[in-house]
Amino acid sequence: MPHPSKFKQEDDSKPIPHPPRYKEHLQILATDLKLAYKALYEAIQPIPYIRDRLYCVDKVFIEGGSEKWVGDGTFRGKGTSWVRLESYKDIYTNPPGKPVRYIIQADPGFGKTTQTLQYTFNWSTGVKGSPFADVQLLIYIRLRQLRGIRSLAVAIKRYILPKSCHLTIADIREILEHTTSVAIVLDGWDEYPELDTKLGGYMRDIITARAFPNHDVTLTTRYLPKEFPATARRVRLTGFDDEARDQYIRKAVVGDNDEAVEQIKQRLKDNPVLADLCQVPLFFVMFAHLAHEKEEFRRFRSVTEFFEFMIKCFHDHLRNKVRDRNVEKQSHQYEGRHQEFSTMAYEGLSKPDQQIVWEKEALIRRLGEGFYDHHKRIGMLVEEEVITDQAPADASDVYTSEIRFYHKLFCEWYAAYRLAELAITLDEAELSMELKKLDPYDLQYLYRFACGLNRAAGKKIISYLQSLKGGDKFAVLCILELTGQVDDIKETVRKLCADTVSIQNRDTKLLQRSTIQLLGIASSHKIPTAGLHLNECIAEAITAGGDLLLNSGLHVPPSSTLEAIEITREGLDLPEEKLIGLLAYAEKCERLEKLTFQGRRLLIPVSVPAEKIPSSLKTRNIEVLLHSLEKRVYRLNLIKGKWVEHGSATARIGDVHLHDGNQDEHEWMVRELTRASAAGIPIARVVIDDCSPVADQSGSSLALCSSQLSLPILSILQKLWIGDVGRRMDNTEVVGILRYTAQCAAVKELWFDAPTFFPMHLPGRVQGAEPILSSLRSRNVTVRGRNVKTESSSRGLERYLDLCSGVWETEEERDQRVLNEQLEPQVHLQ
């Protein structure tokens, strides 16, 4: 086979004349792609060492949590920046003919590749209603294989199509050029060998739509590319919650055997230290199969202990399968003697640019062929063919083999042995310098495993972590790994939980994760937790499985010992169903006494249907509080579903201004004004400025045209001011506003206000509103306007509305009329 450099790496976007055999070639390409994808999606291994048990992806794929990015990323404004999707199918909602770049983000093990393989299954088998069901071609590329490739057509020919396919690279390039309905899936941007090289520019052009701008492109990655279109749709996978775990157990492990399902779920409950690990779909899958199949499965005291058990299962399976004395002897040797393997893994992770892939021949020279073969057979190491650009030009074989761990966490496991050795031999300063190479956020399990493997090493590592800002919580988890006894950290957990525990948006993901795990330990060991403050970090109320979801994608399960929850979040939008979900979450927190919401622009329903409020909250008399305008606090009456003022009666609400141009602000203000009115709290004045308010025919609401919101009747509003630059109102509009004012029973003054140079234009006489004017007159309501023009006067003056005649008067005219009315009875008497 010729060297790849011999192929002309042409620009795929260059116009090409329509080929005469296009339709025939398109059919061949689609058929061969489906054949190639079948070999991939029918070879899913839930447990890597059981190679004789392969699954079709459709038999094991379960949707975990997924969210889409909305807004400008400031986490402010209506809604949330990350919004939960009901299904992975909801990612792809763009209309036909409008190509989009999609970016699917997730940590390793969260199912990015499994989800994209489900795409290939759906397309290949014609699953109706699935993403890409109607596209002519689906191109699925694993980017980690593409070293030295600068053409999508070459990648398809070399890495996807069977060798028997007679299509040439030129044929494939022509098909891509002339086929309008093509979807491209690029899997694993973070593993792309040419990521930061000039050769990687071709793939970057595809991502940024400089190449193939008319095709949909989906990119999966651990982290965002440095450059991507502003219009790209971002999605992240958040892992398995209880509901997803239950679905997987039933679908792929035990079927509808309820007893077996409960047994696996109980084993997870018996192992709270694994709760965080089992949010990662890949590891929950292994946990579920091991928990079902291994009679010796037990309660684990640490993650280290669980990994030791899992690694032993890898080796035991091969020994049990082969049942050869020599193989068994060698297997025990390889299992226990892995110093060079551990050193290699550690060296890879401690590099500035981590090395998690090794060239096969170099690795065998370092480890020995027997050691390599053994770890490949048990599924620990995975071999892949890639094209090498180092082969001679006339070489017929341009492929080489690269080796990687089945998952990076296994690399961390072996690297931890080397880290433990270093921690023992290095002094404090030397160890500190060494650990600075290892980011705890990225390599938290490397730290935890090292502490669990060697007690002396663990003490020195924990001392280092405790010296870091915010490292105390993570250090507690490392202490648990070191001792394997929750009793040894109970006092520390008790001290941390004696005061309110805080999770903040600015916290690192590691710190958030550590805090959540500490809450889990406190809950499982009945340690009271005074409170949990979620500060600007809640994404939306509840996951499908009933957990709180954070901006970071982490889940916070209910806690049986939590006494109070405080949610601070500017611009949080909680429609009724999400608020009900939060109340259901509060119900699961068995000792919870108070749930508090605070933050500017909190969009929380004015009332809640009483029948939807969990009954136990009512019997437990839990306080649900809302901090609102002017530091006012409301309490939700759980019996009636209405908000009432909390604490002693306070003064009225002062001036509230509704300005043009901020719909989110309007919506929040309108809700809080409605809430205050319903709770009987006086409102001094509402100023509606440049919002072009228009009352409906009944006068029951005032539409704010600039934001398309409506201000309902405020029964205890005292003053209403309407200001508009250069506004022209006809008689119908003025009557509508007067009708609305008449129904706000406490209003004493209505102002129409405009600046000097841009007067407001009103009809000189209000007609057809006698009952309304009579109602206002009976309450001594003053209706006045500043800088108002009428048909009879071109000057903007301050005017008053005569509630008898409906005529706008100047102050002098009003005073004269009042004087005449006072004198008139005297004239009659004379």
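The shown structure was predicted, so the numbers you read here are calculated from the model rather than taken from an experiment.
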TODO: Check the pair Lys351, Gln355 against side chain to side chain donor-acceptor pair (under 3.5 Å), reporting the backbone distance first and the verdict last.
DONE: CA-CA 7 Å; Lys351 291 180 179 180; Gln355 180 185 0; 2.6 Å; yes
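- Listed by chain and residue number, Arg101 satisfy the side-chain contact (heavy atoms from CB on, under 4.5 Å) test with Ala209 (two or more places apart in sequence, or in another chain).
- Using the six-membered ring where Trp is involved, Tyr406 and Phe410 have ring planes that are tilted, between 30° and 60° apart.
- Under the side-chain hydrogen bond (donor to acceptor under 3.5 Å, both in side chains) test applied with Asp187, the options Thr221, Thr220, Thr218 reduce to a single match, Thr220.
- Closest non-hydrogen pair, Tyr102 versus Ile91, comes out as CE2-O, 3.4 Å.
- With contacts defined as side-chain heavy-atom distances shorter than 4.5 Å, the pair Gln115/Leu237 qualifies.
- A distance-only check finds no donor-acceptor pair linking the side chain of Thr179 to the backbone of Ser181 [under 3.5 Å].
- Ring pair Phe132/Tyr119 is perpendicular by interplanar angle, where above 60° counts as perpendicular and below 30° as parallel.
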- [ ] Mind running salt bridge (Lys or Arg N to Asp or Glu O under 4.0 Å) on Arg210 and Asp205 for me, showing each step along the way?
- [x] CA-CA 5 Å; Arg210 290 189 288 265; Asp205 284 348; 2.9 Å; yes
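- Lys578 and Asp573 make their closest contact through CD-O, 4.2 Å (heavy atoms, listed as atom of the first residue, atom of the second, distance).
- Using a distance-only test at 3.5 Å, with no hydrogens or angles considered, no donor-acceptor pair links the side chain of Asp90 to the main chain of Thr93.
- Separation of atoms SG (Cys278) and CZ (Phe287) is listed at 5.0 Å; rounding is to 0.5 Å.
- Checking Gln517 against Lys473 by side-chain atom types alone, no donor-acceptor pair falls below 3.5 Å.
- Each of Phe61, Tyr37, Tyr41 was compared with Phe121 under the ring pair (Phe, Tyr, Trp, His ring centres under 6.0 Å) criterion, and only Tyr41 meets it.
- Between Gln444 atom CD and Leu477 atom CG the span is 7.5 Å, to the nearest 0.5 Å.
- Considering every non-hydrogen atom in both Pro605 and Arg671, the closest pair reads N-NH1, 3.6 Å.
- Residues Leu603 and Leu574 fail the side-chain proximity criterion, which asks for heavy atoms closer than 4.5 Å.
- A salt bridge (charged side-chain N to carboxylate O under 4.0 Å, His left out) check over residues 131-146, counting only residues at least two apart or in different chains, returns the pairs Arg144-Glu191, Arg144-Glu384.
- Atoms OG and CG, on Ser607 and Leu636 in that order, are 9.0 Å from each other to the nearest 0.5 Å.
- Among pairs with a residue in residues 502-515, those fulfilling salt bridge (charged side-chain N to carboxylate O under 4.0 Å, His left out) read Asp107-Lys509, Asp276-Arg513, at least two apart in sequence or across chains.
- Across every non-hydrogen atom of Ser710 and Ala703, the tightest pair is OG-CA, 3.8 Å.
- Side-chain atoms of Glu227 and Thr208 form no donor-acceptor pair, as typed in the model, at a separation below 3.5 Å.
- Salt bridge status for Arg245 with Asp241: absent, with no side-chain N to carboxylate O gap under 4.0 Å.
- Listed for the Trp69 side chain is no donor-acceptor partner under 3.5 Å among the backbone atoms of Val235.
- Separating the CG atom in Leu117 from the OG1 atom in Thr120 is a distance of 5.0 Å, to the nearest 0.5 Å.
- Within the 3.5 Å criterion, the main-chain N or O of Leu625 finds no donor-acceptor partner in the side chain of Trp643.
- The backbone N or O of Ala106 sits less than 3.5 Å from a side-chain atom of Lys112, completing a donor-acceptor pair.
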Open item on the list: Could you go through His555 and Phe240, starting from their C-alpha distance and side-chain angles, then the distance that decides it, and tell me whether this counts as ring pair (Phe, Tyr, Trp, His ring centres under 6.0 Å)?
Closed with: CA-CA 9 Å; His555 298 193; Phe240 274 3; 9.8 Å; no
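- A ring-centre distance under 6.0 Å is not found for Tyr634 and His627.
- Looking only at distances, a side-chain donor or acceptor of Asn551 sits under 3.5 Å from a matching main-chain atom of Glu536.
- What you find for Ala232 and Ile103 is that their closest heavy atoms are CB-CD1, 4.2 Å.
- Inter-residue side-chain proximity for Phe474 and Leu511 is flagged as unmet; no heavy-atom pair is nearer than 4.5 Å.
- Side-chain polar atoms of Arg234 and Gln105 form a donor-acceptor pair below 3.5 angstrom.
- Glu570 contributes no side-chain N or O that, together with a main-chain N or O of Arg601, makes up a donor-acceptor pair within less than 3.5 Å.
- A donor-acceptor contact shorter than 3.5 Å links the side chain of Tyr585 to the backbone of Pro557.
- Panel note: side chain His215, backbone Leu176; a donor-acceptor pair is recorded below 3.5 Å.
- Between the Gln598 side chain and the Glu566 main chain, no donor and acceptor come within less than 3.5 Å of each other.
- Among the candidates Leu562, Leu518, Thr515, Ile516, the single residue satisfying the side-chain contact (heavy atoms from CB on, under 4.5 Å) test with Val501 is Thr515.
- Between Ile139 and Val185, every side-chain heavy-atom pair lies at or beyond the 4.5 Å cut-off.
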